[in-house]
Every structure is written in structure tokens, then in C-alpha cells.
Amino acid sequence: MSDFLKEDVERKVTLQKGDRAPNFSLKNQDGVEINLNDFVGKNVILYFYPKDNTPGCTTEACEFSQNYDEFIANDSVIIGVSPDSVKSHENFIKKHDLKHILLSDEDKNVSKLYGVWQVKKNYGREYLGIVRTTFVIDKKGDILKVYKSVKAKDHAAKVLADLTSNLG
């Protein structure tokens with residue numbers, strides 16, 4: 001295993017229910033700096049995904065947008081984070097008519113902070129990348145739920161169902 005992977009082998013999602021969600025600032029699809037603390041008083045659906053315009057990521061993003069109004073009705077904001085550029089996010093949103101915020105984590109510092117930048121394996125090859133993970137953060141900024149190694153299809157509906165039952 002190469003040296004650059006060795007330092008990341010042990011990295012994993014260690015944040016859990018009840019932990020304070022680490023604050024961060026990243027640029028959105030319009031190049032505007034967004035701070036997680038801007039959303040105190042709302043539930044935040046913070047999902048990390050590997051790459052714009054790939055099949056699984058497109059499915060996940062489109063399903064979150066399809067359920068957007070229901071998330072808003074439950075006093076929630078949806079934020080997607082990937083290592084893609086601001087320009088890539090802008091194009092992804094336009095191409096798929098996405099309604100929610102996408103943040104650019106090109107240096108991967110926020111992905112590392114949340115423990116989702118990990119060693120992945122594909123066809124015997126090891127590389128670093130985002131492990132698809134979603135954090136539901138409550139109105140006070142505490143983690144309400146963590147979904148690890150998410151399967152993209154139907155994930156948004158599951159998060160919405162859990163959110164409404166936990167709030168209900």
C-alpha cells in the first residue's frame with residue numbers, strides 16, 4: 001500500500017448521534033461562502049457524495065431535489081458536499097434542475113473533518129475518495145443521525161421518513 005494511503009487507512013466516520021456537528025465554511029455553486037452555523041434553527045441534511053454527474057450521485061441528488069418541498073415543510077435544508085469545483089456544481093445543478101445547495105470541498109478538509117474521506121477499493125485497486133455518508137443535524141447543531149456507506153437509490157425518501165418520524 002502506498003504511503004499516501006497508509007495515513008488514511010484508519011480514517012473513518014467517528015461522529016455519532018448526539019455529537020456537535022463540526023462547523024465549516026465552503027463555497028456553494030454560486031461561489032458564495034456558506035457556513036454550517038448559518039443554519040442553526042433548521043434541521044440540516046448534510047450529505048457527502050463522490051462526484052457530480054456520475055450515476056449514483058446523480059440519482060441521490062435528484063431524489064433529494066424531488067423531495068425538496070417536503071424537507072422544507074419539515075424545517076430542513078439539504079446540503080450536498082463533494083470535492084468537485086464550484087463550476088462543476090453550477091453545471092450539475094443546471095443540468096438536473098437541482099433545488100438544493102451544493103458545496104465545493106476541493107481540498108477535502110471538510111470531508112476529512114467528518115471522516116468520509118477514506119480508502120476505497122474497486123476492482124482490487126485502493127484509492128482515496130468520499131464514502132457516501134449523510135448526517136442529519138438538528139436545529140441546535142447536534143447530530144441526530146448518521147447514515148454510513150449509503151446506497152443512493154431511495155436514500156432521500158428514507159432520510160425524509162426518519163426525519164418526520166423523529167420530529168413527529
Side-chain angles (χ1 to χ4, degrees), residues 1-16 19-40 42-66 68 71 76-123 125-137 141 143 145-153 155-156 159:
M1 181 180 303
S2 67
D3 286 337
F4 89 94
L5 290 179
K6 284 181 185 173
E7 68 184 59
D8 289 287
V9 169
E10 296 303 316
R11 181 174 288 130
K12 59 186 175 189
V13 178
T14 58
L15 294 169
Q16 57 191 339
D19 288 347
R20 171 69 71 195
N23 190 37
F24 61 84
S25 293
L26 291 172
K27 289 186 178 178
N28 72 2
Q29 65 274 3
D30 301 317
V32 175
E33 196 81 17
I34 301 293
N35 188 300
L36 182 62
N37 282 345
D38 294 342
F39 301 103
V40 170
K42 293 200 173 289
N43 298 301
V44 177
I45 312 307
L46 180 65
Y47 76 97
F48 290 85
Y49 66 100
K51 188 158 180 54
D52 292 343
N53 288 305
T54 55
C57 297
T58 300
T59 295
E60 184 176 29
C62 288
E63 288 183 7
F64 271 118
S65 270
Q66 288 162 1
Y68 181 81
F71 279 104
S76 301
V77 62
I78 304 165
I79 302 173
V81 178
S82 83
D84 295 298
S85 69
V86 167
K87 185 70 174 163
S88 177
H89 284 339
E90 179 186 13
N91 293 337
F92 188 41
I93 285 172
K94 285 180 182 171
K95 182 176 181 179
H96 298 286
D97 196 28
L98 302 177
K99 299 177 182 177
H100 58 281
I101 299 166
L102 295 180
L103 299 179
S104 176
D105 187 23
E106 288 185 274
D107 62 12
K108 296 133 189 118
N109 285 338
V110 174
S111 299
K112 290 175 183 177
L113 180 65
Y114 276 76
V116 301
W117 185 254
Q118 300 178 21
V119 174
K120 298 171 73 171
K121 292 180 183 182
N122 193 17
Y123 299 110
R125 188 174 74 96
E126 290 184 329
Y127 61 97
L128 290 171
I130 297 278
V131 173
R132 194 182 308 275
T133 308
T134 300
F135 298 86
V136 177
I137 302 167
I143 296 173
K145 185 157 185 152
V146 180
Y147 299 84
K148 298 178 182 180
S149 300
V150 167
K151 301 292 182 226
K153 183 147 178 50
H155 177 59
V159 172

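Model, not experiment: these values are computed from the prediction.
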Exercise. Is it true that atom NZ of Lys120 has more than 12 heavy atoms of other residues, nucleotides or ligands lying nearer than 6.0 Å?
Worked result: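 Atom NZ in Lys120 is crowded, with more than 12 foreign heavy atoms closer than 6.0 Å.
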Exercise. Is the shortest heavy-atom distance from the side chain of Asn91 to the side chain of Asp52 under 4.5 Å?
Worked result: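 With C-beta onward as the side chain, the pair stays apart.
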For this session: Would you check if Gln29 and Ile101 make a side-chain contact, meaning some heavy-atom pair closer than 4.5 Å?
Result: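 Heavy-atom side-chain distance check passes, below 4.5 Å.
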State the [atom1]-[atom2] distance between [X] and [Y], to the nearest 0.5 angstrom.
X      : Y      : atom1 : atom2 : result
Lys151 : Thr59  : NZ    : OG1   : 13.5 Å
Tyr49  : Phe92  : OH    : CZ    : 5.5 Å
Ile78  : Leu102 : CD1   : CG    : 10.5 Å
Tyr47  : Thr133 : OH    : OG1   : 13.0 Å
Lys27  : Leu103 : NZ    : CG    : 12.0 Å
Phe24  : Asp105 : CZ    : CG    : 8.5 Å

If I compare all heavy atoms of [X] with all of [Y], which pair ends up nearest, and what's the gap?
X      : Y      : result
Ser82  : Pro50  : CB-O, 4.1 Å
Lys108 : Trp117 : CE-CH2, 3.3 Å
Ser85  : Ser88  : OG-N, 3.0 Å
Leu15  : Leu113 : CD1-O, 4.4 Å
Leu98  : Ser65  : CA-OG, 3.2 Å
Val131 : Ser149 : CG1-OG, 3.7 Å

List for me each residue that meets side-chain hydrogen bond (donor to acceptor under 3.5 Å, both in side chains) alongside [X], sequence neighbours excluded, and say none if there are none.
X      : answer
Asn37  : none
Asp107 : Asn109
Glu60  : Arg132
Ser25  : Asn35

Exercise. Can you list the steps and then say if Asn122 with Arg125 is a side-chain contact (heavy atoms from CB on, under 4.5 Å)?
Worked result: CA-CA 5 Å; Asn122 193 17; Arg125 188 174 74 96; 5.5 Å; no
Exercise. Can you name the residues that form a ring-ring contact (aromatic ring centres under 6.0 Å, His included) with Tyr147, not counting sequence neighbours?
Worked result: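 Applying ring-ring contact (aromatic ring centres under 6.0 Å, His included) to Tyr147 gives His155.
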For this session: Consider only side-chain N and O atoms of Asn28 and His89, and report whether a donor and an acceptor are under 3.5 Å apart.
Result: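 There is no such pair between these side chains.
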For this session: Run the numbers on Tyr114 and Leu46 for side-chain contact (heavy atoms from CB on, under 4.5 Å), then give the verdict.
Result: CA-CA 10 Å; Tyr114 276 76; Leu46 180 65; 3.7 Å; yes
Exercise. What do the steps show when you test Val44 against Leu36 for side-chain contact (heavy atoms from CB on, under 4.5 Å), and what is the final call?
Worked result: CA-CA 9 Å; Val44 177; Leu36 182 62; 4.1 Å; yes
Exercise. So Ile34 and Phe39, side-chain contact (heavy atoms from CB on, under 4.5 Å) or not? Walk me through it.
Worked result: CA-CA 9 Å; Ile34 301 293; Phe39 301 103; 3.5 Å; yes
Exercise. What pairs of residues pass the salt bridge (Lys or Arg N to Asp or Glu O under 4.0 Å) test when at least one of them lies in residues 84-103, not counting sequence neighbours?
Worked result: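 Only Lys51-Asp84, Lys87-Glu90, Glu90-Lys94 qualify under salt bridge (Lys or Arg N to Asp or Glu O under 4.0 Å).
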